[in-house]
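One structure is given here, and the rest of the page talks about it.
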Amino acid sequence: MTLSLYNTLNRRSEPFAPLEAGKVKMYCCGITVYDYCHLGHARTCLSWDVVRRYLQWSGYAVNYIQNFTDIDDKILNRARQENSSMAEVADKYIDAYHEDMAALHIQPADEYPRATHCLDGIQKLITDLEQKGFAYASQGDVYYSVRKFEGYGKLSGRKLEDMQAGASGRVETDPEADIKQDPCDFALWKGAKEGEPSWRSPWGEGRPGWHIECSAMVRDRLGETIDIHVGGSDLIFPHHENEIAQSEAATGQPLAQYWMHNGMVKVEGEKMSKSLGNFITIRDLLKTYDPMAVRLFILQAHYTKPLDFTDEALQAATKGWETLNEALLFGEELPTQDISADAGILQKFRDIVDKDLNFSGGLAIVFELAKELKKEKNILVHEGKLTQNPQILATVWLTLKELADVLGFVASEKAAVADDEFSLTAEEIEDILRQRKEARANKDYAEGDRLRDVLVEAGITIMDRPSGKTEWYRE
RNA sequence: GGUGGCAUGGCCAAGCGGUAAGGCAGAGGUCUGCAAAACCUCCAUCCCCAGUUCAAAUCUGGGUGCCACCUCCA
């Protein structure tokens, strides 16, 4: 079995073979930094994080580049609102981005190029396109002439004619309509407007268009052709289509061998959008849910399919994560010297996941391992013994640990909660439990149950062990 | 109008020609004075219709219903 990947370019799954043996050049279209990251970004970043980990686990050295778009109208608008500058707004949300990604345990990219730091490469690319006849200047702007590029539409499967026919009204109301030769042409460079940041260029003061930065960055950091180009499926058209047009017209080489796109996120059945008011940021989400539960939730569905964030689903994922977490923690008590993971099971996992990154299928194996460990742990806690040889369990654990690492799961101890956050202190609880024990010894169950209810109301759960000991914990 | 995708148990979701993974929830049982926790067991023939095949959730044709994209988008 070899890895196969669904390639948007050809609309089918294809065996993966990198350009250079053992190495993968990967580029992910990042974010425009004008606000906090939301669920959609979480899904995109998390999906490709795991793909990257899986490629690494499969023996590839992955060079992973992700950009920040830090020149954009939305950033300028935000700067006006906040009485700030474009650079300040960008810096603020880039910092926030790194915080959010760290919280989700996403590996940092090898590099995060920013549009404002790539002006030379951008201008060079535009110049190349101009010289080759794919670009034209018009009233201070520079546009890409889509009809000059033969393969235009090959990624998104569109024809220029089809797009014009009944397209949305935006084409007609396009303010640039009369300065473009064709309504489908897009800006490579925009002439400066009063009061906006701008850069010097052969076409006068101005700033780059949206699509050109990615073409320039890929060329600068990774070369003319890369292995895998990823991003949200909403970027297929026009963003990635335009990237292809720009890069391939300039270099004459394919921009990427494999184009991969993750599905969109919905919230309670509706598309997430600011106008619907169901726009949820990562930081808000993580106030309620464990980042690992979010990771599990996202990995439970295939990366290409739409994913609906509902409280019910997140709660289910939280429970599932608790099982995984317990199993991962339990293993740390097992003897692992001279023991290694079960190669057969690892291979089984690989066989499943190799088919277009079927992580949800692979999770079935992870859970089989986790449940076995969790069960043993509980038997140990409740009965004080193991039913299996610790060495066998250590093998199970090492296997689980390896797969959990591939998927980016990190176990965490339940956070200790300070006494003063609760109405009852540990001492008071122990005291009530002593009274309850006495009442039960006297067969005064009504009083025993009353005391238990007192604790339950204070958020304390108690467990009477067969040994006669009573354990408790706070909800 | 154009292009693409999806439809599997109460919910989420794998499977892509060989007789339905996994998670969550639920039911019964063991244990317990009762609980809690834990452990054991159980729980679907895959939107509809018609084909192809020894064999179809998986292929073909036709329906129905959702969804996304068509220059703001991860």
Side-chain angles (χ1 to χ4, degrees), chain A residues 8 11 13 28-32 37-48 72-74 146 153 156-159 161-168 170-171 174 176 183-187 210-211 230-239 241-242 261-266 269 271-274 296-297 299-302 304-308 310 312-321 323-324 352 355 358-368 370-371 374-375 377-383 387 440 443-446 448-449 452-453 456 461-466 470-473:
Chain A
T8 307
R11 257 141 284 182
S13 199
C28 177
C29 276
I31 57 162
T32 301
C37 286
H38 54 66
L39 261 35
H41 300 118
R43 173 99 106 171
T44 295
C45 295
L46 221 145
S47 298
W48 304 120
D72 181 88
D73 284 339
K74 287 196 285 289
V146 294
S156 54
R158 288 161 214 273
K159 297 185 187 108
E161 299 69 41
D162 293 342
M163 285 189 284
Q164 286 172 350
S168 59
R170 275 176 287 188
V171 174
D174 184 353
E176 296 162 342
C184 291
D185 290 349
F186 57 91
W210 172 36
H211 315 294
V230 304
S233 60
D234 52 345
L235 298 181
I236 295 172
F237 191 90
H239 185 56
E241 196 69 72
N242 291 351
H261 295 93
N262 61 279
M264 296 291 98
V265 161
K266 295 193 289 183
K271 192 195 168 177
M272 186 174 68
S273 74
K274 287 197 165 173
L296 176 61
F297 172 64
L299 289 177
Q300 270 177 331
H302 191 75
T304 53
K305 293 198 172 175
L307 184 60
D308 194 359
T310 62
E312 197 186 4
L314 262 325
Q315 275 158 20
T318 300
K319 290 289 188 68
W321 165 244
T323 295
L324 268 182
I352 293 169
K355 288 186 197 159
N358 182 3
F359 292 116
S360 43
L363 276 172
I365 290 176
V366 170
F367 270 97
E368 276 168 25
K371 289 192 87 168
K374 181 190 173 189
K375 187 174 114 183
K377 182 207 152 185
N378 284 323
I379 290 173
L380 180 64
V381 169
H382 286 261
E383 299 172 25
T387 65
R440 293 174 72 214
K443 299 255 196 281
D444 184 358
Y445 294 122
D449 290 350
R452 181 171 62 203
D453 289 343
V456 168
T461 301
I462 63 172
M463 294 166 290
D464 296 327
R465 296 300 188 200
T470 296
E471 293 175 21
W472 61 270
Y473 65 90

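Note that these values count all heavy atoms, side chains included, but never hydrogens, waters or copies made by symmetry. Every chain is numbered from 1 and lettered A, B, ... according to where its sequence line falls, protein lines coming before strand lines.
A straight line from CE of A:Met264 to P of B:rG4 spans 19 Å, rounded to a whole angstrom. Distance CD1 (A:Ile462) to C1' (B:rG33): 13 Å, rounded to an integer number of Å. Atom-to-atom, CG of A:Leu299 to P of B:rC12 comes out at 19 Å; the value is rounded to the nearest Å. Spacing between atom CG of A:Leu296 and atom C1' of B:rA14 amounts to 14 Å, rounded to whole angstrom units. Nucleotide B:rC67 holds its C1' atom 14 Å from the CG atom of A:Leu307, rounded to whole Å. Going from atom OH of A:Tyr473 over to atom P of B:rA36 covers 11 Å, rounded to whole Å. Here the C1' atom of nucleotide B:rA68 and the CG atom of A:Leu235 are 13 Å apart, to the nearest Å. Between the CD1 atom of A:Ile379 and the P atom of B:rA38 there is a distance of 12 Å, rounded to whole Å.
Listed for the A:Asp444 side chain is no donor-acceptor partner under 3.5 Å among the backbone atoms of A:Arg440.
Side-chain atoms of A:Thr44 lie closest to B:rA74 of the nucleotides B:rG22, B:rA74, B:rC73. With distances taken from any side-chain atom of A:Glu368 to the nucleotides B:rA35, B:rG22, B:rC39, the minimum falls on B:rG22. Comparing B:rC73, B:rA74, B:rA38 against the side chain of A:Lys271 picks out B:rC73 as the nearest. The side chain of A:Arg158 lies closest to B:rG2 when the candidates are B:rG33, B:rA74, B:rG2. Minimum atom distance to the side chain of A:Asn378 is reached by B:rA38, of the listed B:rA38, B:rA13, B:rC72.
Residue contacts for A:Ser360: at a heavy-atom cut-off of 4.0 Å it reaches a base atom on one of the strands shown. A:Ala301 comes within contact range of the sugar-phosphate backbone alone, with a heavy-atom separation under 4.0 Å but no base atom that close. Contact annotation for A:Lys74: backbone-only contact, meaning every heavy-atom pair under 4.0 Å involves sugar-phosphate atoms and none involves a base. Among the atoms of the strands shown, none is found under 4.0 Å from any heavy atom of A:Gly448. As judged by a 4.0 angstrom heavy-atom cut-off over every strand, A:Gly232 is placed among residues touching the sugar-phosphate backbone only. A:Val381 comes within 4.0 angstrom of nothing in the nucleic acid, heavy atoms only. Counting any heavy atom pair closer than 4.0 Å across all strands shown, A:Thr318 reaches no nucleic acid atom.
Applying the 3.5 Å distance criterion, the base of B:rG33 shares no donor-acceptor pair with the side chain of A:Asp464. Side-chain atoms of A:Arg43 and base atoms of B:rA74 include no donor and acceptor less than 3.5 Å apart. A donor-acceptor contact under 3.5 angstrom links the side-chain atoms of A:Arg440 to the base of B:rG33.
Taking the six-membered ring for Trp and thresholds of 30 and 60 degrees, A:Phe186 and A:His211 have ring planes more than 60 degrees apart, a perpendicular arrangement.
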Distances for protein N or O near nucleotides 40-45 of chain B N or O, under 3.5 Å:
from   : atom 1 : to       : atom 2 : distance (Å)
B:rC40 : OP1    : A:Lys375 : NZ     : 2.9

Could I get a table of every N or O pair under 3.5 Å where one atom is in the protein and the other is in nucleotides 15-20 of chain B?
from   : atom 1 : to       : atom 2 : distance (Å)
B:rG15 : OP1    : A:Asn358 : ND2    : 3.0

Sort me out a list of protein N/O and nucleotides 24-30 of chain B N/O pairs below 3.5 Å, or just none if empty.
from   : atom 1 : to       : atom 2 : distance (Å)
B:rA25 : OP1    : A:Lys319 : NZ     : 2.6

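With no hydrogens or angles considered, no side-chain donor-acceptor pair links A:Gln300 and A:Ser360 at under 3.5 Å. A:Thr32 and A:Asp72 form no side-chain donor-acceptor contact under 3.5 Å, judged by distance and modelled atom types alone. Judged purely by distance below 3.5 Å, without hydrogens or angles, the side chains of A:Asn262 and A:Ser47 never pair a donor atom with an acceptor atom.
With a 3.5 Å ceiling on both atom-pair distances, B:rC46 lacks any Watson-Crick or G-U wobble partner. Base pairing annotation: B:rG65 forms a Watson-Crick or G-U wobble pair with B:rC6, both donor-acceptor distances under 3.5 Å. The base-pairing partner of B:rA13, taking Watson-Crick or G-U wobble contacts with both distances under 3.5 Å, does not exist among the strands shown. If you check B:rU32 for Watson-Crick or wobble pairing at under 3.5 angstrom, you find it has no partner at all.
Residues A:Arg43 and A:Leu39 are not in side-chain contact: their nearest non-hydrogen atoms beyond the backbone lie 4.5 Å or more apart. In this structure, the side chains of A:Met463 and A:Trp472 stay at 4.5 Å or more apart for every pair of heavy atoms. No side-chain heavy atom of A:Thr44 sits less than 4.5 Å from a side-chain heavy atom of A:His41.
In this view, A:Glu312 satisfies the salt bridge (Lys or Arg N to Asp or Glu O under 4.0 Å) rule with no residue, not counting sequence neighbours. Taking the salt bridge (Lys or Arg N to Asp or Glu O under 4.0 Å) definition, one finds that A:Glu368 meets it with nothing, sequence neighbours left out. Every residue was checked against the ring pair (Phe, Tyr, Trp, His ring centres under 6.0 Å) condition with A:His302, not counting sequence neighbours, and none meets it.
Heavy atoms only, all atoms of each residue included: A:Val146 and A:Asp185 are closest at N-OD1, 2.9 Å. Closest non-hydrogen pair, A:Leu296 versus A:Ala317, comes out as CD2-O, 3.4 Å. Residues A:Trp48 and A:His261 come closest through the heavy atom pair CZ2-C, 3.8 Å.
In terms of phosphate contacts, A:His41 brings a side-chain nitrogen or oxygen within less than 4.0 Å of OP1 or OP2 of B:rA74.
Both A:Asn242 and A:Glu383 lie near RNA chain B, and the one whose nearest nucleotide falls closer to the 5' end is A:Glu383.
Separation of the C1' atoms belonging to B:rA55 and B:rC16 is 16 Å when rounded to the nearest angstrom. On the C1' atoms, B:rA14 is 15 Å away from B:rC6, given to the nearest whole Å. When the P atom is used for both B:rC67 and B:rU30, the distance is 48 Å, rounded to whole Å.
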